[in-house]
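In each ligand, atom 1 is the first atom listed, and ligand 1 is the first ligand listed.
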Amino acid sequence: MSFERNIKIAPSILSADFADFGREIRAIEDQGADWVHVDVMDGHFVPNLTFGPPAVAAFRRHVKTVMDVHLMIAPVDPYIQAFADAGADFITAHLEAGPHIHRTLQAIRAAGAKAGLALNPGTPVEAAAPLLDMVDLVCLMTVNPGFGGQKFIHCQVDQCKRLREMIGDRPIHIEIDGGVDPETAPLVAAAGADVLVAGSAVFRGGSVDAPEIYGRNIEAIRAAAEGAL
Ligand code: DX5
Ligand code: ZN
């Protein structure tokens, strides 16, 4: 996987039909998804529960692009190897999930995955400065993590600009997660983000029987983002 800063759309399967993940994943990839975003929640770090390593391993069999696993769990370290073995390309952990994010990022790379660092809206992006040589991706949350379908938090756009300046020439993706749609995508694309996670704005109105709606939704977000560059 070579590094590119072009716009990538990463549908979050949190908004998919939970009884039909295989077909949902194939549908979004056929319809132009660049990455597949998998939201792992533990009912402790965030007030919602989703899926663990065996489910993620089952998703992997359907993912042909890039499997981007967002861990909203605490502690993180005991589960890193299991998510790497499940086939995650990127494993993203929250800075707020524990006292030893540096160790966590080391462990992710040691397990053979690309390392992502997620920051909640209440965390200054400057907190990522000492970690930039250890990460392949920084995920800026534009909602408080836990649920799909929440409202985009606008003050994160300025944080995104500051993060983009901090990153400079390093091959680090900036991912935006939460409330991304054709209205908000241009704001974060102009601020330097390249990976746009979108759950409700991709799955809205479509289904595995009407996948072309997923395609239209993905292209609307992509066109809006690219139009801002
Ligand atoms: C939120 C998750 C997001 C979520 C995005 O905790 O990390 O990935 O699924 O959903 P939308 O795009 O609906 O805000
Ligand atoms: Zn996410």
Side-chain angles (χ1 to χ4, degrees), residues 7-18 21 24-25 28 33-52 55-56 59 63 65-74 76 79 83 88-97 108 113-123 135-154 156-157 160 173-189 193-206 213-214 216-222 224-225:
I7 295 291
K8 290 163 284 294
I9 309 297
S12 163
I13 59 169
L14 189 62
S15 294
D17 176 356
F18 270 41
F21 280 121
E24 290 277 40
I25 289 167
I28 53 174
D34 299 285
W35 293 11
V36 175
H37 186 82
V38 178
D39 285 307
V40 175
M41 304 187 184
D42 68 350
H44 166 75
F45 179 68
V46 290
N48 194 5
L49 266 176
T50 57
F51 19 73
V56 175
F59 304 156
V63 176
T65 57
V66 172
M67 189 163 76
D68 174 33
V69 177
H70 178 194
L71 299 182
M72 287 159 275
I73 66 175
V76 183
Y79 302 101
F83 284 107
D89 292 298
F90 284 83
I91 297 178
T92 296
H94 272 262
L95 181 131
E96 305 85 3
I108 292 171
K114 294 201 183 277
L117 170 68
L119 304 177
N120 281 335
T123 301
V135 298
D136 303 289
L137 175 150
V138 179
C139 172
L140 271 193
M141 295 304 302
T142 38
V143 297
N144 286 299
F147 302 95
Q150 303 182 81
K151 212 169 144 357
F152 182 88
I153 297 173
H154 277 267
Q156 289 297 76
V157 175
C160 184
H173 299 288
I174 299 181
E175 177 176 76
I176 298 293
D177 189 2
V180 172
D181 64 19
E183 277 72 60
T184 55
L187 308 176
V188 290
D194 62 304
V195 183
L196 307 185
V197 175
S200 25
V202 166
F203 285 89
R204 171 181 307 149
I213 295 175
Y214 295 161
R216 251 178 268 153
N217 290 342
I218 290 169
E219 281 326 302
I221 298 167
R222 192 192 307 282

Using atom types as modelled and distance alone, determine if a side-chain donor or acceptor of [X] lies under 3.5 Å from a backbone N or O of [Y].
{"X": "N120", "Y": "G122", "result": "no"}
{"X": "D89", "Y": "M67", "result": "yes"}
{"X": "S15", "Y": "S200", "result": "yes"}
{"X": "D34", "Y": "A10", "result": "no"}
{"X": "N217", "Y": "R204", "result": "yes"}
{"X": "T142", "Y": "I153", "result": "no"}
{"X": "D136", "Y": "A115", "result": "yes"}
{"X": "T184", "Y": "G179", "result": "yes"}

Worksheet item: Counting heavy atoms only, which part of S12 comes closer than 4.0 Å to ligand 1: side chain, backbone, both or neither?
Response: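 It is the side chain that gets close, since no backbone atom is under 4.0 Å.
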
For ligand 1, which atoms have a heavy atom of [X] less than 4.0 angstrom away?
{"X": "M72", "result": "6 (O), 7 (O)"}
{"X": "F147", "result": "1 (C), 6 (O)"}
{"X": "P145", "result": "6 (O)"}
{"X": "G178", "result": "14 (O)"}
{"X": "A198", "result": "12 (O)"}
{"X": "M41", "result": "6 (O)"}
{"X": "G179", "result": "11 (P), 12 (O), 14 (O)"}
{"X": "V197", "result": "8 (O)"}

Do any nitrogen or oxygen atoms of [X] lie less than 3.5 angstrom from nitrogen or oxygen atoms of ligand 1?
{"X": "V180", "result": "no"}
{"X": "N144", "result": "no"}
{"X": "G199", "result": "yes"}

Discussion item. Quick test of your reading of the model: are R216 and E219 salt-bridged, counting only N-O distances below 4.0 Å?
Written reply: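 Looking at E219 together with R216, the answer is no, because their closest N to O distance does not fall below 4.0 Å.
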
Practice prompt. Please work out the angle at the Zn ion (ligand 2) defined by atom OD1 of D39 on one side and atom OD2 of D177 on the other, rounded to 10°.
Written response: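 With the Zn ion (ligand 2) as the vertex, OD1 (D39) and OD2 (D177) sit 170° apart.
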
Identify, for [atom], the protein heavy atom at the shortest distance, and state residue, atom and that distance.
{"atom": "atom 10 (O) of ligand 1", "result": "G148 CA, 3.5 Å"}
{"atom": "atom 13 (O) of ligand 1", "result": "S200 OG, 2.4 Å"}
{"atom": "atom 6 (O) of ligand 1", "result": "G146 N, 2.7 Å"}
{"atom": "atom 3 (C) of ligand 1", "result": "D177 OD1, 2.8 Å"}

Worksheet item: Does CZ belonging to F51 count more than 12 external heavy atoms closer than 6.0 Å?
Response: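 Count over threshold, so yes.
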
Discussion item. Ignoring hydrogens and geometry beyond distance, is a side-chain donor-acceptor pair present between E96 and H94 at under 3.5 Å?
Written reply: yes

Worksheet item: Do S12 and D39 have a side chain donor and acceptor closer than 3.5 Å?
Response: yes

Discussion item. Report whether any nitrogen, oxygen or sulfur of C139 sits less than 2.8 Å from the Zn ion (ligand 2) (N, O or S, backbone or side chain).
Written reply: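 So C139 does not bind the Zn ion (ligand 2) by this criterion.
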
Practice prompt. Could you tell me if any non-hydrogen atom of A201 lies under 4.0 Å from any atom of ligand 1?
Written response: no

Discussion item. Quick check: of its N, O or S atoms, which one does H70 have closest to the Zn ion (ligand 2)?
Written reply: ND1

